[in-house]
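Encoded as structure tokens, the structure appears first; notes follow it.
When reading the values below, keep in mind they use all heavy atoms of this one structure, side chains included, and skip hydrogens, waters and symmetry mates. The structure displayed is predicted, hence computed values, not measured ones. Read the numbers this way: they start at 1 and go in the same order the structure lists the ligands and their atoms.
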Amino acid sequence: MSQVNVIPFHKGSMDMKDLLGGKGANLGEMTRSGLPVPPGFTITTRACLEYYKAEENLTSQQKQEIATALTALEKETGKQLGSSDQPLLVSVRSGAVFSMPGMMDTVLNLGLNDQTVLGLARLTDNERFAYDCYRRFIQMFSDVVLGIPHYRFERIIDERKGQTQTSSDTELTAPDWQWVIDRFKKVVREETGEVFPQDPMEQLYRAVIAVFDSWNNQRARIYRKIHKIPDDLGTAVNVQAMVFGNLGENSGTGVAFTRSPSTGEKTLYGEYLINAQGEDVVAGIRTPEPISSLKNEMPEVFEQFQRIARKLEDHYQDMQDIEFTVERGKLYLLQTRSGKRTAHAAVKIAVDLVQEGVIDRKTALKRVDPEQLDQILHRRIDPDAHLNVIAKGLPASPGAASGQIVFDADKAERWSQEGKKVILVRPETTPEDIHGIISSQGVLTSRGGMTSHAAVVARGMGKPCICGCEEIAIDLKKKTIQVNEVVLQEGEELSIDGGTGEVIKGIVPLIDPELSDEFQKLLRWADEYRRLSIRTNADNPADAAKALQFGAEGVGLCRTEHMFMETERIPLVRSMILAETQEQREEALQRLLPLQKEDFKGIFEAMKGLPVTIRLLDPPLHEFLPNMEELLIDLTRMQMTPDTDPQALQEKETLLKKVRTLHEFNPMLGHRGCRLGLIHPEIYAMQVEAIFLAAAEVLEAGGTVEPEIMVPLVGHVNELKELRKRIEEVAKQVKSKTKYQIPYTVGTMIELPRAALTADEIAAEADFFSFGTNDLTQTTFGYSRDDAEGKFLHHYVDQKILPDNPFITLDTAGVGKLVSMGVNLGRQTKPALKTGICGEHGGEKESIFFCHQSGLDYVSCSPFRVPLARLAAAQAALGKSVEED
Ligand code: PEP
Ligand code: MG
């Protein structure tokens, strides 16, 4: 059966998105609803995949279908490709199923050659324009199709500007461009050994192939990796009759959003350039005018555009990002798509659309990506701070950031790998800079507008960004920026506020975010639909209070080791570990007891009676002692110093001896978790007593408490059985001391495969299970997290040996299977067994979808991820699944 490779716009529609890509489907939909779209056709994603199979050439059927579609396009426009009387010029653009702005390649003005350029000059009565188009075409085609670096051509243009003593492209005349074109052609001959292709059909086929190939370029791959877009979809290619925004002062081109992509405000938002081609706006070479000025410059066009924008938004029921061109006063739409937006805007738009009666609540909840909510919770500059503002640019992506100035993407990446925080400062960014943007805290550019590359990419990533900050002179050679008298070198500290556009010298104090009414509203809607309960991982009252404010319904994991690590407590903890006798150890523990009690009391109070799961000490004891190698060095130094105090020397030696005794070959699988509690019962006994005493004090003060005592790293039911018995004994003792009957439960973490496999046995001793998927991932894969992430895991993900880092996204096939098995087996024994997850996966969208599907009762995550978890849990309940996402 022969398949369709090419579909004209007037036959396309939104439901053909898989075949036509997002852009092609939209062009089809717009054409069919009668909007002024230049005609054209889409070469399908299926053709692209077939091309990959055919190994680097278009099939003869594909070529034939392209030729047929082209003939129809020629008929429709009354122009012909290659004709010198009525030359048809086309654009050749990529268009994948998921939008990947700027990541793949485009060729404009295709169809120009030494003959057709004359026709174009005649037709437009503008020789300069025609040669300018031709040189742009050679440049783009050479870059995209022939792989000749851009700078070879830029140098020639600069040379001509030097000769003619001009400074901008617009000052070059038709003969200048002819001179430039001659030189361009020589470069092509030198670089490729062939003449610049003159046959427009050859140009077209080669451009289509290059766009197909650009699916696999490095920046597109990186983009797909970040946004989790599958690599095997391929791209469609749109071939469209060119319209020109650079035909003089009554022409122009621009990009506009139907609502602000930055704040979500319902107002037309965008910018345009008079006498320019589309790439000039996106590339940020000239700083464009705000769309509102179009009202004065071209009132009729503005009026028409506004009408169409409203119509498009109504049609798609979402905020649209529209590209348009005005050719000699006539408006054309080049594309519309759902606009990328900041998290603030996403929330506001979703809630506003519900209130405007356009969409329902369920749709609104599905519209906002939970991962994006992180952005809203970003910190901002303390309004009381004194700021040394040195310049102001366009507020392109909100949030504040500080870091060391760095001028190129590679260095940004290197420095960030070294642990430095950097701000990437560039005249403008291109898709080649994407790794630098990823590595930086924020981006500052001196050129470009709100829709420039830097702005779009930073917004998508939730990074602060300022664009078009023209006051700043960037000297890439000297590696400095200068604003008036202030000169800053690479490595110096700079802050940016992407919400106001302010560039600030030095580091600034940041404060926690406030949550907008819309944000609260959306999360309240989420609460109505979700089934999973949301808890938080917190081990101090401040974090617990923050999480409560974000909507947490309890503490799912309070790690007690952090309390032991506090600087002033370390000597006490060490004396407990170093104790020679049971009495000495008990004494040290008795001194720790009141401190632990206060810790727990603070958290109980902060959580106002909600359940608090406290995990007994987990890590091996040597973690609280100094590092063995450092101790050895210290000791050697002391031994070599003649007047060392003998007592100090002896203490050091004892310490080293103890560290050596506690040393383990593999601490991750060693004497930790409940094993520690069973061998040193007095430690857990102290902790449990502290929990009950704290609870009693809260009850005494008229409060309520719901402590849940959690035993870590159980692998055999007998471990839990024994510890449960001891916990109950302490409970009795405290009751007799305080007279308070503390309501409490005892449960365990399931973080070893054996625990999941024997969950039916373990459930007999447990009131609840909390899946510790950090350890469960380590022990299921047999990876130690630190070693894996430092050594081979990135390679595994790059090479697609693993689909994701399993420490970030739950490995549903393996670790997830153990979780489901644990839940089911546990409930066989105890149908009402409470189950949750407290590994880091509890705050990750896809893992939350999985937890919902597996029937867990709650997820627990860090305080700042609680809102994300509320939304993801609602989406899960509304039917989003791991596969679908
Ligand atoms: C876990 O293992 O998932 C867990 C929450 O415990 P920790 O990360 O403290 O080992
Ligand atoms: Mg663990």
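No hydrogens or angles considered: a donor-acceptor pair under 3.5 Å links the side chains of Arg535 and Thr613. With no hydrogens or angles considered, no side-chain donor-acceptor pair links Gln590 and Glu586 at under 3.5 Å. Side-chain atoms of Asp760 and Thr829 include no donor-acceptor pair closer than 3.5 Å. A donor and an acceptor atom, one from each side chain of Thr835 and Arg827, are located under 3.5 Å apart. Side-chain N/O atoms of Lys366 and Gln875 include no donor and acceptor closer than 3.5 Å.
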Could you give me the CA-CA distance, side-chain angles and deciding distance for Asp543 and Arg559, then say whether salt bridge (Lys or Arg N to Asp or Glu O under 4.0 Å) is met? CA-CA 12 Å; Asp543 282 0; Arg559 291 180 167 101; over 6 Å; no

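Within Glu751, the N/O/S atom positioned nearest the Mg ion (ligand 2) carries the name OE1. The Mg ion (ligand 2) lies closest to atom OD2 when only the N/O/S atoms of Asp775 are considered.
Every residue two or more places apart in sequence or in another chain that forms a side-chain hydrogen bond (donor to acceptor under 3.5 Å, both in side chains) with Arg726 is listed here: Glu722.
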Present, as a list of atom pairs with distances to 0.1 Å, all nitrogen or oxygen contacts under 3.5 Å between ligand 1 and the protein.
unit_1, atom_1, unit_2, atom_2, d
ligand 1, 2 (O), Glu751, OE1, 2.9
ligand 1, 2 (O), Asp775, N, 2.9
ligand 1, 2 (O), Asp775, OD2, 3.1
ligand 1, 3 (O), Gly772, O, 3.3
ligand 1, 3 (O), Thr773, N, 3.0
ligand 1, 3 (O), Asn774, N, 2.7
ligand 1, 3 (O), Asn774, ND2, 3.4
ligand 1, 6 (O), Arg615, NH1, 2.9
ligand 1, 8 (O), Arg559, NH2, 2.8
ligand 1, 8 (O), Asn774, ND2, 2.8
ligand 1, 9 (O), Arg559, NE, 2.7
ligand 1, 9 (O), Arg559, NH2, 3.3
ligand 1, 9 (O), Arg615, NH1, 3.0
ligand 1, 9 (O), Arg615, NH2, 2.9
ligand 1, 10 (O), Asp775, OD2, 2.9

